[in-house]
Participant: 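Okay, handing you the structure first.
Protein chains get the first letters and strands the later ones, always in sequence-line order, with residue 1 at the start of each.
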Amino acid sequence: MSKKNQRARALAYGGGTFLLLLFLWEILVRMTDSQIPFPTPFAVIERFVDMLFHNVGYYYTIVGHVLWSLSRVLAGFCMAAVLGIVLGLTMGWFPYVRAIFMPIFNLLRPIAPLAWIPLAILWFGIGEKYKYFLIFIAAFVPFTLNSYAGATHVDKQLVGAAKMLGANNAQVFFEIVVPAAVPSIFSGAQVALSNSWMTMLAAEMVCATEGIGWIIIAGQAVNDMTQMIAGMLAIGIVGFLLANGMRLLERRCLVWNNQGN
Amino acid sequence: MNKNVKVQVTHLTKKFGELLVLNDVSFDVYDGEFLCIVGPTGCGKTTFLNSLTHLYEPTSGEILFKGEKIDLRKHDIAYIFQEYSAMEWLTVKENVRFGLELKKQYKGINEKVKDALELVGLTKFADYYPRQLSASMLQRVVIARAFATQPELLLMDEPYGQLDINLRFRLEDEVVRLCKQTKTTVIFITHNIEEAVYLGDRILVLTNKPTSIKEIVTDELPHPRDIAAPEFVEMRNRITDLIKWW
């Protein structure tokens with residue numbers, strides 16, 4: 001079977017299952033007679049389109065809310081990228097850095113970002129800084145871990161080859177260890193991004209006046225299930241786009257890693 | 001061949017803890033010669049080379065390069081491993097440039113890279129990444145990288161161990177030609193006796209552990225050598241006997 005054919009068939013199966021689910025949802029809503037009116041898929045999509053053009057709350061359309069959320073994710077994610085990559089790579093390559101930071105890192109690592117919420121609010125208030133901080137925590141761990149793994153798994157042959165060509169320690173680190181770790185850093189970035197996206201929602205649900213997490217909480221406050229589900233739909237769509245965007249970026253940056261094989 | 005001594009190894013000894021690997025090894029390498037080192041598998045050939053280059057500090061003894069203590073940062077020495085050591089994130093061209101840039105030899109760098117790629121026949125593949133190349137091409141990238149720096153001493157550690165016999169002969173011919181053309185001094189380590197007899201000007205036969213020198217055989221058969229010629233077979237048998245003989 002040709003590759004194109006295979007892909008078309010996979011798409012048909014996936015799309016078919018999706019449509020079947022929507023159909024079941026519609027049927028179930030029509031057949032049940034619950035006290036709380038559960039929206040049909042059609043109502044959710046209608047509301048979603050409506051939110052694109054009309055404000056949810058006083059100030060923003062859903063696009064505006066998504067942009068607010070993205071700005072928070074971006075800020076925390078970028079700070080985590082810088083610090084996490086630096087810490088991970090140096091811990092992976094320099095035994096002293098590892099000896100100093102590894103124990104603290106291992107102790108803090110299992111503490112979920114959500115556990116930091118109360119403390120973060122006390123420290124930073126309920127504004128933007130608190131959200132940046134939580135997202136930073138969520139992204140920092142995978143960035144550090146994957147950079148660390150990348151630096152420790154550098155091919156020793158290449159290090160030897162560089163030394164034989166006369167490389168000093170700094171050159172070995174920057175010319176060999178760093179580029180060799182890039183694929184691993186990218187897979188860390190994937191995890192960091194999805195962690196950030198999830199943590200952002202929690203942070204917004206706890207306290208915010210805008211953003212996609214707020215849309216859901218605001219829907220709950222007025223018993224508007226349609227708004228809540230439309231908000232969830234937006235989370236899914238944007239999350240999907242982010243993950244794919246990151247994959248595209250990776251493919252662009254790592255041409256050497258996905259050719260041949 | 002002129003007989004200037006390029007590398008002088010005196011009483012080289014290496015112990016790992018209590019394990020004596022190299023036992024008082026002394027020999028000279030002459031300027032421009034192709035010296036092959038053969039010995040039984042596991043006899044410490046690689047330890048020998050790593051001590052030579054001070055990747056390991058020898059336990060005692062000395063290695064002098066043109067009369068000075070050998071130093072990788074100062075002396076132009078290139079090393080070709082058994083494993084392919086091309087940097088995967090650099091193109092073929094950039095890999096060859098890499099060595100020159102590390103040594104800060106920026107003068108005429110483009111020409112040097114071009115010449116080196118031409119020598120190994122990879123000009124057409126200059127912009128390919130290592131993952132797109134075959135095993136023999138990868139090893140040629142590493143050879144080009146080594147030759148581009150115009151090393152005074154080239155160390156090769158079973159560089160063709162993973163190649164099939166056909167490619168092996170082709171690359172062996174290529175390396176002999178390159179070395180003669182550029183008058184490079186070579187130390188070539190192998191466990192393959194035929195390869196040693198095919199390539200070497202002299203063949204240094206090592207004993208089993210603890211390693212010392214069994215004998216140094218001079219191989220003056222003219223290049224290119226014919227592996228079916230009686231002189232060649234005789235030389236090969238002689239070395240095989242030396243290795244079997246401890």
Participant: Name the region of A:Gln171, side chain, backbone, both or neither, that has any atom closer than 4.5 Å to a heavy atom of chain B.
Facilitator: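 Contact with chain B is through the side chain of A:Gln171 alone.
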Participant: Can you tell me how far the CH2 atom of A:Trp256 sits from the CG atom of B:Leu90, to the nearest 0.5 Å?
Facilitator: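 A:Trp256 atom CH2 to B:Leu90 atom CG measures 9.5 Å (nearest 0.5 Å).
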Participant: Can you tell me if A:Phe101 has over 12 outside heavy atoms packed within less than 6.0 Å of its CZ?
Facilitator: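 No.
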Participant: Atom CD of B:Glu101 and atom CG of A:Leu165: how far apart are they, to the nearest 0.5 Å?
Facilitator: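 Output value for this atom pair is 11.5 Å.
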Participant: Do A:Val255 and B:Tyr129 have side chains that approach each other closer than 4.5 Å (heavy atoms only, starting at C-beta)?
Facilitator: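 When only atoms from C-beta onward are counted, B:Tyr129 and A:Val255 do touch, with a gap below 4.5 Å.
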Participant: Assess whether atom CZ of B:Phe16 is packed by more than 12 heavy atoms of other residues, nucleotides or ligands within 6.0 Å.
Facilitator: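 Correct, the count exceeds 12.
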Participant: Of the non-hydrogen atoms in B:Phe98 and A:Ile176, which two are nearest, and what is the gap between them?
Facilitator: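 What the structure gives for the nearest pair is CZ-CD1, 3.8 Å.
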Participant: Grab the two heavy atoms, one from B:Ala86 and one from A:Leu158, that are nearest each other, plus how far apart they are.
Facilitator: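 In this case the closest contact between B:Ala86 and A:Leu158 is O-CD2, 3.6 Å.
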Participant: Assess whether atom OH of B:Tyr128 is packed by more than 12 heavy atoms of other residues, nucleotides or ligands within 6.0 Å.
Facilitator: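 No.
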Participant: What heavy-atom pair brings B:Ser85 and A:Gln157 nearest, and what distance separates the two atoms?
Facilitator: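 In terms of heavy atoms, the two residues are closest at CB-O, 4.3 Å.
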Participant: Around atom NZ of A:Lys156, are there more than 12 heavy atoms of other residues, nucleotides or ligands at under 6.0 Å?
Facilitator: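 Atom NZ in A:Lys156 is crowded, with more than 12 foreign heavy atoms closer than 6.0 Å.
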Participant: Counting only heavy atoms not in A:Asn244, do more than 12 fall under 6.0 Å of its CG?
Facilitator: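 Yes, the 6.0 Å shell around CG holds more than 12 heavy atoms from other groups.
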Participant: Counting only heavy atoms not in A:Met232 (residues, nucleotides, ligands), do more than 12 fall under 6.0 Å from its CE?
Facilitator: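 Check fails, neighbour count at 12 or below.
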